[in-house]
Amino acid sequence: MKKFTENVLKIVKKIPVGSVLTYAEVAKEAGNRNAARAVGNILNKNFNPKIPCHRVIRSDGKLGGYNRGAKMKKSLLISEGINII
DNA sequence: CATTTGACGCCAA
DNA sequence: TTTGGCGCCAAAT
């Protein structure tokens with residue numbers, strides 16, 4: 001019952017369409033400022049169809065990864081009108 | 001239980 | 001500015 005993990009999933013699930021959050025932001029909101037890495041790990045191993053994990057990107061402006069493929073993630077972001085740096 | 005892995009982030013050179 | 005290295009955390013093996 002890791003609060004952090006639960007929070008991460010909940011936060012990502014609450015991301016509105018057309019919006020994106022960075023792993024660092026999610027981690028910070030979840031309660032751990034330096035757990036950006038853990039956030040990615042959680043999403044990767046605990047993929048849920050209800051969670052738009054493709055809306056979580058890196059702080060560098062890069063997309064990061066995606067369990068369904070980086071291309072898929074990129075396509076999804078573009079489809080939602082998110083401009084990629 | 002200890003070690004390794006992994007969708008990251010920041011600092012120093 | 002770009003690259004390399006280190007730190008950080010949670011889950012899997």
Side-chain angles (χ1 to χ4, degrees):
Chain A
M1 191 266 187
K2 300 288 189 210
K3 269 301 187 61
F4 179 70
T5 306
E6 296 286 309
N7 288 333
V8 170
L9 297 174
K10 183 185 287 188
I11 292 167
V12 175
K13 197 167 20 173
K14 287 173 175 288
I15 299 177
V17 181
S19 244
V20 291
L21 289 178
T22 64
Y23 295 99
E25 286 292 297
V26 176
K28 182 168 176 267
E29 293 297 307
N32 285 291
R33 187 168 69 82
N34 331 331
R37 204 166 196 176
V39 172
N41 221 312
I42 292 164
L43 296 175
N44 184 24
K45 293 181 169 102
N46 297 295
F47 178 76
N48 300 289
K50 304 291 185 182
I51 301 177
C53 32
H54 63 273
R55 289 180 193 154
V56 184
I57 62 176
R58 291 183 45 142
S59 300
D60 300 86
K62 294 173 177 54
L63 301 181
Y66 191 52
N67 1 29
R68 299 305 191 254
K71 292 183 178 180
M72 181 71 136
K73 183 173 184 179
K74 185 180 177 187
S75 299
L76 288 167
L77 292 173
I78 294 172
S79 299
E80 294 186 355
I82 295 165
N83 184 22
I84 298 170
I85 309 171

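The structure presented is a predicted model; accordingly, all values stated were derived computationally and were not measured. Here is how names work: the chains are called A, B, and so on, in the same order as the sequence lines, proteins then strands, and each is numbered from 1.
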In chain order, what residues pass the side-chain contact (heavy atoms from CB on, under 4.5 Å) check against A:Lys3, with sequence neighbours excluded?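 Once residues adjacent in sequence are excluded, the partners of A:Lys3 under the side-chain contact (heavy atoms from CB on, under 4.5 Å) criterion are A:Met1, A:Asn7.
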Go through the structure and list residues passing side-chain contact (heavy atoms from CB on, under 4.5 Å) with A:Lys74, not counting sequence neighbours.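 Partners of A:Lys74 under the side-chain contact (heavy atoms from CB on, under 4.5 Å) test: A:Leu63, A:Ile78, A:Ile84.
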Could you list all the side chain to side chain donor-acceptor pair (under 3.5 Å) pairs where at least one residue sits in residues 56-69 of chain A, not counting sequence neighbours?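 Only A:Arg58-A:Asp60 qualify under side chain to side chain donor-acceptor pair (under 3.5 Å).
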Qualifying side chain to side chain donor-acceptor pair (under 3.5 Å) pairs with a residue from residues 76-85 of chain A, counting only residues at least two apart or across chains: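 Qualifying pairs: A:His54-A:Glu80, A:Arg55-A:Glu80.
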Is the phosphate of B:dC8 approached by A:Ser59 (side-chain N or O, under 4.0 Å from OP1 or OP2)?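 No.
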Any side-chain N or O of A:Arg58 under 4.0 Å from OP1/OP2 of B:dG9?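 Checking A:Arg58 against B:dG9: at least one side-chain N or O falls below 4.0 Å of OP1 or OP2.
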Contact residues, residues 74-85 of chain A to DNA chain C [heavy atom, < 4.0 Å]: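 Residues of residues 74-85 of chain A under 4.0 Å from DNA chain C: none.
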Which is the 5'-most and which the 3'-most nucleotide of DNA chain C that has an atom under 4.0 Å from a heavy atom of chain A?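 So the outermost contacting nucleotides come out as C:dG7 to C:dA12.
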A:Asn41 CG to B:dT5 P: how many Å, rounded?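 These atoms are roughly 12 Å apart.
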ILVMFWY cluster, A:Phe47 and A:Leu76 together (side-chain gap under 4.5 Å):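 In one cluster with A:Phe47: A:Leu76, yes.
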Nearest-nucleotide wise, let me know which of A:Lys45 and A:Asn34 is further upstream toward the 5' end of DNA chain C.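 Going by which nucleotide is closer to the 5' end, it is A:Asn34.
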Which residues satisfy the salt bridge (Lys or Arg N to Asp or Glu O under 4.0 Å) test with A:Arg37, sequence neighbours excluded?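 Here no residue qualifies.
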Counting only non-hydrogen atoms, which of residues 5-31 of chain A are less than 4.0 Å from DNA chain B?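 Contacting residues: A:Tyr23, A:Ala24.
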Sort by first number and list every stem of DNA chain C: at least 3 consecutive Watson-Crick or G-U wobble pairs, both distances under 3.5 Å.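 Stem segments, range with range: B:2-6 with C:9-13, B:8-13 with C:2-7.
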Which residues pass the side chain to side chain donor-acceptor pair (under 3.5 Å) test with A:Asn41, not counting sequence neighbours?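 Side chain to side chain donor-acceptor pair (under 3.5 Å) check on A:Asn41 returns A:Lys45.
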What residues form a side chain to side chain donor-acceptor pair (under 3.5 Å) with A:Glu25, not counting sequence neighbours?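 Per chain and number, A:Glu25 pairs via side chain to side chain donor-acceptor pair (under 3.5 Å) with no residue.
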Show me the side-chain donor-acceptor pairs of residues 28-35 of chain A shorter than 3.5 Å, one per line, residues at least two apart or across chains.
none

